[in-house]
Every structure is written in C-alpha cells, then in structure tokens.
Amino acid sequence: METQLYQLRAELIRFMMAYKFALEEVNTKINILQQEFQYMHDYNPIEHVKSRVKSPESILKKIRKKEIPLSMPEIQDNIRDIAGIRINCSFTKDIYRISQMLEDQKDITVIQKKDYIVNPKPNGYRSLHLIIQIPIFMSDRVKNVFVEIQIRTIAMDFWASLEHKIYYKYNKDIPERLKAELADAASSATELDREMESIHQEINEIKQQTGPLSDQDEEMIFPIDLLREIVDNK
Ligand code: 0O2
C-alpha cells in the first residue's frame, strides 16, 4: 500500500512537472521569435509575456465544476489550461503575426483557436486564444502537453484584468450598470487599439519615405510613456 501511494505521488509530481517543462519550451520559442524579430525588423512586437502553471486549488475547482473523474488521464484531457501563457502585444496586427509564427512551428500542434477579437464575447472580452500541444521529452517517455496561449494587446489586457476583478468581486453576478460601463470601456479599448495601430502605420510610412527617424522625432510623434500612462489610467 505504501509503495503504491509512493508511486502515485511520484506520478503526480511528474504530471505537474510536464506542464512546467511545456511552459519552458514555449517561453523559449517566444523568446527566440522576439529576439529574431527585433534583430530583423528593429521592432519588438511583444510587450511582455506571463506564464503560470495553474494552482492545485484552481485545478481541483475546475475538476469539480466540470465534473471530471479524479484520474490523471481525465484531468489531462479535459483541463487544457493547466499550463498557460499570456502574450501582450503592442498592436492587434502583432497578435496575428505572433500567433502565425507559433502555429508554423513544426513541433506545435494547434488543437483549438478561438478568435475573440473578430468575435468578441457579449461582455466585450477580446483576445486570441490558442490551445496547442507540444511534445516534452522526459527520461522514459514523450508527453504531448496542452498549453493555453492567450494573445492580446495592452488595452485588451487592461480591460480583461479589470473585468476579471469585478467578476469575482461581485461573485460572477455583475450589476447591470457596471456591465454597461464595462461594455463602453471595451469599445473605448477597441477604438484605442485602432488609433494606436493607425499612428504606428503612419510612422512606418514616414520612415519608409524619409529613412529612419531619430529617437527624438519618434518620441515627439509617438510618446510611448505618455500613451502608456493614459492606457494604464495612472
Ligand atoms: P482563469 O481564472 O483566468 O483561469 P475552459 O473553461 O477554459 O475549459 P472556455 O471558458 O470555453 O473553456 O475557454 P475560453 O473561452 O477560451 O476562456 C479561457 C480563459 O480565457 C479564461 O480562463 C479566462 O482567463 C479568459 N477569459 C475568457 N472569457 C473571459 C471574460 O469574459 N473575461 C475575462 N476577464 N477573461 C476571460 P478561466 O479558467 O475561465 O479563468
């Protein structure tokens, strides 16, 4: 009995480790893409990347909510966001670029793609979601591990974080007035993304006509720190 329990414990530890390794693999891929892109195009499409392995408490909550049998294969097949990565991009166009670059990688299999940018959720949520599978080479086996990748702009992320806090503060039952305000804020965020992309496009066109802008000229036309303060509402 003790040996059995010990084996089960070891299996569970390896089970969770596989997700940690999967995140390391995908993070390395993102890092390489980011560095290469910066080098080739003198521009970084990724603002920042966050990754996490879902906490055991959250996994258990989802098991109960989805009524999943308490076995490792069932959990593995049914909870596909145990390893999660969130990529924040500067512009909407970059979201699709990054997504495509990841999708094109030979060892990545795209299992599901949800485009909440083209089709936002009724509450205004926007983001591109990928569920991918990536092989992890362990000492005695190769495991195909699911990873959820959420790709969004800073404005989309700002909105989603606020909505997430409100959703839990009101125990998932947001008052109608706040719902309407959130919907308005989502439209403003969409508009901001559009405007930022258009300014960015204009700068690119100027650059192409006149050669590279000096840092000073670029800061004049596109005051990143100031714009970020506005977006972050500081
Ligand atoms: P948490 O606490 O962020 O992990 P699933 O429940 O994942 O099996 P679902 O709901 O169809 O299936 O997946 P979907 O729509 O791709 O959403 C997955 C994740 O996207 C959510 O994870 C959230 O992180 C985020 N998300 C989706 N909709 C919303 C939304 O309306 N508002 C906010 N703020 N985030 C959203 P979890 O597990 O639900 O939550």
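Nothing fancy with the numbering, it's 1 onward along the sequence. Order of appearance sets the numbers: ligands from 1, and atoms from 1 within every ligand. For the numbers below, each heavy atom of this structure counts, side chains included, while hydrogens, waters and symmetry mates do not.
Protein heavy atom in closest approach to atom 2 (O) of ligand 1: His164 NE2, 3.4 Å. At the top of the distance list for atom 24 (O) of ligand 1, counting protein heavy atoms only, stands Gln150 NE2, 3.2 Å. Looking only at protein heavy atoms, the nearest one to atom 14 (P) of ligand 1 is Lys114 NZ, 3.5 Å. Of the protein's non-hydrogen atoms, Asp81 OD2, 4.4 Å is the one closest to atom 22 (O) of ligand 1. When only non-hydrogen protein atoms are considered, atom 5 (P) of ligand 1 lies nearest to Lys62 NZ, 3.6 Å.
Using bins of under 30°, 30° to 60° and over 60° for the plane-to-plane angle, the ring pair His41/Phe37 lands in the tilted bin. Between Tyr43 and Phe91, the ring-plane angle classifies as parallel under the 30° and 60° cut-offs.
On a distance-only criterion, Lys66 and ligand 1 share at least one N/O pair closer than 3.5 Å. Ligand 1 has no N or O atom lying under 3.5 Å from any N or O atom of Glu148, backbone or side chain. Considering backbone and side-chain atoms alike, Glu163 places an N or O below 3.5 Å from some N or O of ligand 1.
Residue-level proximity to ligand 1 for Ile79 is absent, since no heavy atom of it falls below 4.0 angstrom.
Heavy atoms of Tyr116 come nearer than 4.0 angstrom to ligand 1 in at least one pair.
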